[in-house]
Protein chains: 2
Amino acid sequence: MKTAFRDIRDELRRRIIANEWPPGGLIPNEVDLCAEFNCARATVNRAMRELAEEGLIERRRKAGTRVRDVPRKQATFEVPVVRKEIEARGSRYQFTLLSREAMPAPAWLCARLEIPDNSPVLHLTCLHCADGHPYQFEDRWINLKALPQAKQADFSNVGPNEWLLATVPYTDAQISFGALNSDPDLAHHLGCKAGDALFVAERMTSFQDEPITYVRMIHQRGHQMTMRY
Amino acid sequence: MKTAFRDIRDELRRRIIANEWPPGGLIPNEVDLCAEFNCARATVNRAMRELAEEGLIERRRKAGTRVRDVPRKQATFEVPVVRKEIEARGSRYQFTLLSREAMPAPAWLCARLEIPDNSPVLHLTCLHCADGHPYQFEDRWINLKALPQAKQADFSNVGPNEWLLATVPYTDAQISFGALNSDPDLAHHLGCKAGDALFVAERMTSFQDEPITYVRMIHQRGHQMTMRY
DNA sequence: TGATGTTTATCGTCTATACAAAATATCTGC
DNA sequence: GCAGATATTTTGTATAGACGATAAACATCA
C-alpha cells in the first residue's frame, strides 16, 4: 500500500514531539514541504490535515501552519452497548425487564427532554446481568409522541436499548457521566449496599429535534469506563 | 467556499438516515456516484471517507461500501484541564497545594504504571477551587525516573497538571471514569459528607513507553461530565 | 470435493494543475 | 498617522488521470 501521506504525517508529528519545531512556532508551508519530501502538494496537505484534526497543529490561510502551544488532545470512545460490553468480557449476557408503565412524563423529564407538560411516555426499568451477576440497572423513558409503536413493543426478550437502535436512528445525542449514592431499591437489584457510590451514564437522543429517549445506566459498584488515546 | 464534498457527504448521510439505503445494504460505488453528482472520483471518495470515519458506513476494496447495521457512533471529548473548565463556567480559578512528598512508589502504583518496585515518585495532592468553593481534589503521582526535574519544580503557583503539560509531551494516555465513596479526609477538603458518591476521573500518561504520571481527579458531589455527539 | 491459481471490480492513494477563499501585508489618498 | 482599497501568500478544494492493493468471484486442476 502506498503510505506517503502517512509517512509524512508521522515524520511531521515526530518533529513536533521532538521539539524540532517548538510550540507556537511556524512550520514550513506546503510547497516547501512538497519539495523536501518530493511529492505533490495534495499529499502534504492530507498529512497536515490529519495532524490538524488530531489537534497538534493549527492551520490558517495566509498565516500558515503553527504548532499548537497546548495540543488539543481529544479522546474518542464508542458509545457503549451493554450487551456487547458484557460479551466482550467473555461473559454470558442476560436481561430482565423489571417494570413497564405508560404514564404522563414527570416534570423533571419534560424539562430535560424539552417536551410539553404531561406528554405521554413509557417508563421501563431493566437489569442487565453478566454471568448471572447484576451489571447494570437501566432506567429508561421513551417519548411516546415520537415513538408510539413503543407502546406495543415486547421488551421481554429484546432490551429497549437494542430495540431502539434497530428501530429509530438518531441525529443528536448527549451523554453525561456522574456518580450516585445507591438507594435501598437499587442496592437490592444490584446486590450492593445502600449508600455505595455507583457510576452513572446518562444518555439523551433525539431525531431531527424530536426527543426520543432518556436513559440512566447505573453500573455495578467499582465499575470503570476506560479509553486510550 | 467550495463545498461539493460536504454536500455529497451530507446527502449520502441523509439517504442512510432516511432508510433509502437500508442497513447492511450496498450503496453505489464511487464511479456511479461521480456520475450522479457530476464530480471527480476524489470528491466522492472524500465524502465517503468521512462517513466511514463517522462510523456510518463500512468500505472494503472490491466488496464495495455498505451501510453499517449498527452505526458505530463514537463520541469525542477534549481532555479536561481543570483551570479551563472552571474559567469556562465564568468562575474564578484558585489552586492550593495540600501536600508534597518524594517517596518510593507504593506497590499498587508500580503495578499500574508498570515501573520497578520502589521507583522514586513524587506524590502531590492539591485542591482546585471555583469562586472559592472546592471543585476538584487532585491526587497525583509523578515518575521521578522519567522526570527528575519535577523534584525541583515549584508547584505552589502553577499546578502540576499545567506544569506537566508545558514541560513534557506525551505519546500515550489512558483515561478512566468511575465513582467513589468519599472518605472523611476527602469530605473535609471538598466540603461534602463522608460517604457521598463522587465522580472520579483517572489518567495515566506516558511518553514513548516511559510512564510519566498517574492522577486521580476527584470531583465535587453532583459533578457531571457531558458531551454531545 | 477441495485446494489453488487467475481474473476483475472496487477502493486507496498519488500526481499535476487549477482556481477559490481567507487573512495578512502593502499601498493610496487624505 | 489612519481608513480603506488592493495585492500577495497560504491553505482549501476540485479535476482528470494513473497505478496499486485487496478481496471476491471464477476457473482450473488434483
Hey, are A:Asp139 and A:Thr125 close enough side-chain-wise for a donor-acceptor pair under 3.5 Å?
no

If you look at every heavy atom in A:Arg72 and A:Ala52, which pair is closest and at what distance?
NH2-O, 3.4 Å

Can you sort out which residues in residues 52-64 of chain B have a heavy atom within less than 4.0 Å of DNA chain C? Ascending by number, please.
B:Arg59, B:Arg60, B:Arg61, B:Lys62, B:Gly64

Side chains of B:Gln224 and A:Glu202: is there a donor and an acceptor less than 3.5 Å apart?
yes

Tell me: CG of B:Leu26 to P of D:dA23, nearest whole Å?
16 Å

At under 4.0 Å between heavy atoms, what does B:Ala4 touch on the DNA or RNA strands: base, sugar-phosphate, or nothing?
sugar-phosphate

Quick one: A:Arg49 CZ to D:dT13 C1', roughly how many Å, whole number?
9 Å

Taking NZ, NE, NH1 and NH2 as the nitrogens, is one of them in A:Arg13 or A:Glu54 under 4.0 Å from a carboxylate oxygen of the other?
yes

In whole Å, what is the span from the CZ atom of B:Arg6 to the C1' atom of C:dA20?
13 Å

How many whole angstroms separate atom CG of A:Asn29 from atom C1' of C:dT24?
14 Å

5′-ward residue of the pair A:Cys39/B:Pro28 relative to DNA chain C
B:Pro28

Does a nitrogen or oxygen in the side chain of B:Thr65 sit under 4.0 Å from OP1 or OP2 of C:dC11?
yes

Would you say A:Gln149 has more than 12 foreign heavy atoms packed within less than 6.0 Å of its CD?
yes

Starting from P on D:dA16, measure out to CZ on B:Arg46 and report it in whole angstrom.
18 Å

Can you find a side-chain donor-acceptor pair between A:Tyr135 and A:His219 that sits under 3.5 Å?
no

Provide, to the nearest angstrom, the distance between the CG atom belonging to B:Leu51 and the C1' atom belonging to C:dC11.
15 Å

Got a sec, which pairs hit side-chain hydrogen bond (donor to acceptor under 3.5 Å, both in side chains) with one end in residues 24-39 of chain A, sequence neighbours left out?
A:Arg15-A:Glu36, A:Glu30-A:Arg41, A:Glu30-A:Asn45, A:Glu30-A:Arg59

In terms of side-chain heavy atoms of A:Arg41, which of C:dT13, C:dT15, C:dA18 is nearest?
C:dA18

Whole-Å distance, B:Phe37 CZ to D:dA16 C1', equals 19 Å

Check every atom of C:dG12, D:dA16, C:dT15 against the side chain of A:Ala40 and return the nucleotide holding the closest atom.
C:dT15

Contact under 4.0 Å: A:Thr43 side-chain N or O vs C:dT15 OP1/OP2
yes

What is the distance from CD of A:Glu30 to C1' of C:dC14, rounded to the nearest Å?
15 Å

Does OP1 or OP2 of D:dG12 have a side-chain N or O of A:Asn45 closer than 4.0 Å?
yes

